[in-house]
Amino acid sequence: MIRRVQKLKPEYPHPVNLKVAKPEWIAVDDYFGGLFASGDKQLDAALKANRIAGLPAIDVSPLQGKFLHVLVEMIRPKRILEIGTLGGYSTMWMARALPKSGRIVSLEFNPKHADVARKNLFNAGLLKRVDIRVGKAIDNLPKLKAEGVGPFDFIFIDADKPSNPQYLKWALKLARVGSVIVVDNVVRDGKVADAKSTDSDVRGTRKMASLMAKEPRLSASVVQNVGIKGYDGFAIAVVVS
Ligand code: SAH
Ligand code: DHB
Ligand code: MG
């Protein structure tokens with residue numbers, strides 16, 4: 001488990017993980033974050049609201065949010081599926097990149113998190129593009145399939161890590177050829193490399209990675225990230241058949 005120091009810098013209000021992040025990682029995140037991912041009052045307001053509401057400070061960083069935003073601009077999805085809403089910070093970054101007709105379904109277990117997210121999205125004028133479904137993602141995924149809401153063109157998996165193998169399987173069921181799947185937090189300060197780990201997050205991530213690698217319908221890789229959240233990474237896959 002990453003311990004995070006909940007400290008707000010007014011000009012760059014993402015909490016910094018001082019336990020893990022090296023000073024130069026923070027400085028570089030601050031530099032590029034300032035250039036590419038700053039100055040948006042509604043996104044900053046959402047992060048602040050999340051901290052004031054006492055949500056865990058595990059939102060994507062501003063630069064990671066901008067990375068998701070750029071991916072969405074590249075992919076031009078009509079429909080996005082997010083698993084793990086928290087306060088809707090990543091949701092907002094993705095929603096901002098969608099055309100007006102684009103929609104996001106975001107799955108969240110904790111009703112308090114979902115309420116905070118709805119308020120943040122409403123304040124940013126984005127709630128009409130986002131459908132937050134409260135409940136265990138594993139219960140809502142089959143419902144999405146049954147309702148025929150998909151296929152989803154972009155899927156961001158960022159909830160409870162032990163369920164990542166199942167989330168990947170559902171992502172495939174809800175995708176089409178060309179859909180992109182991104183899984184957050186696949187590195188966890190390097191713990192993912194420990195094949196003997198008993199940590200359920202690491203085991204879930206490793207099982208997911210092995211499924212991703214073996215799945216003939218997917219072509220995938222991993223990008224390691226360092227920055228204000230410490231040392232982590234994204235797995236990125238595209239559905240090829
Ligand atoms: N994507 C968010 C961060 C998500 S944090 C962002 O970057 O801004 C992970 C979220 O997953 C938390 O809000 C947690 O409540 C939610 N979660 C945990 N277990 C879940 C489950 N079984 N189903 C759905 N959501 C779950
Ligand atoms: C945790 C979860 C996340 O989604 C994240 O980005 C960072 C940390 C956690 O549960 O510790
Ligand atoms: Mg995450």
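As the structure lists them, so they are numbered: ligands from 1, and atoms in each ligand from 1. Both backbone and side-chain heavy atoms feed into the values below; hydrogens, waters and symmetry mates do not.
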Would you say Asn110 and ligand 1 have an N/O pair spaced under 3.5 Å apart? no
Heavy-atom contact under 4.0 Å between Gln64 and ligand 1? no
Judged on heavy-atom distance to atom 22 (N) of ligand 1, which of Asp184, Asp160, Leu55, Asp139 sits nearest? Asp160
Within the 4.0 Å heavy-atom cut-off, what Ile58 brings close to ligand 2 is both
Short list, please: which atoms of ligand 1 are under 4.0 Å from a heavy atom of Asp59? 6 (C), 7 (O), 8 (O)
Gln64 contact mode with ligand 2 (heavy-atom cut-off under 4.0 Å): neither
Answer yes or no: is there a side-chain heavy-atom contact under 4.5 Å between Asn120 and Tyr89? no
Applying a strict 4.0 Å limit to heavy atoms, is Trp93 in contact with ligand 1? no
Under 4.0 Å from ligand 2, counting heavy atoms only, is it the side chain of Asp184, its backbone, both or neither? side chain
Within-shell test, Gly135 vs ligand 1, heavy atom, strictly < 4.0 Å: yes
So, is Ser90 placed with an N/O/S atom under 2.8 Å from the Mg ion (ligand 3), counting both backbone and side chain? no
Hey, which atoms in ligand 1 end up nearer than 4.0 Å to a heavy atom of Lys136? 23 (N)
Indicate if the distance from the Mg ion (ligand 3) to the nearest N, O or S atom of Asp59 falls below 2.8 Å. no
Considering all heavy atoms of both residues, which atom of Leu141 and which atom of Leu107 are nearest to each other, and what is their separation? CD2-CD1, 3.7 Å
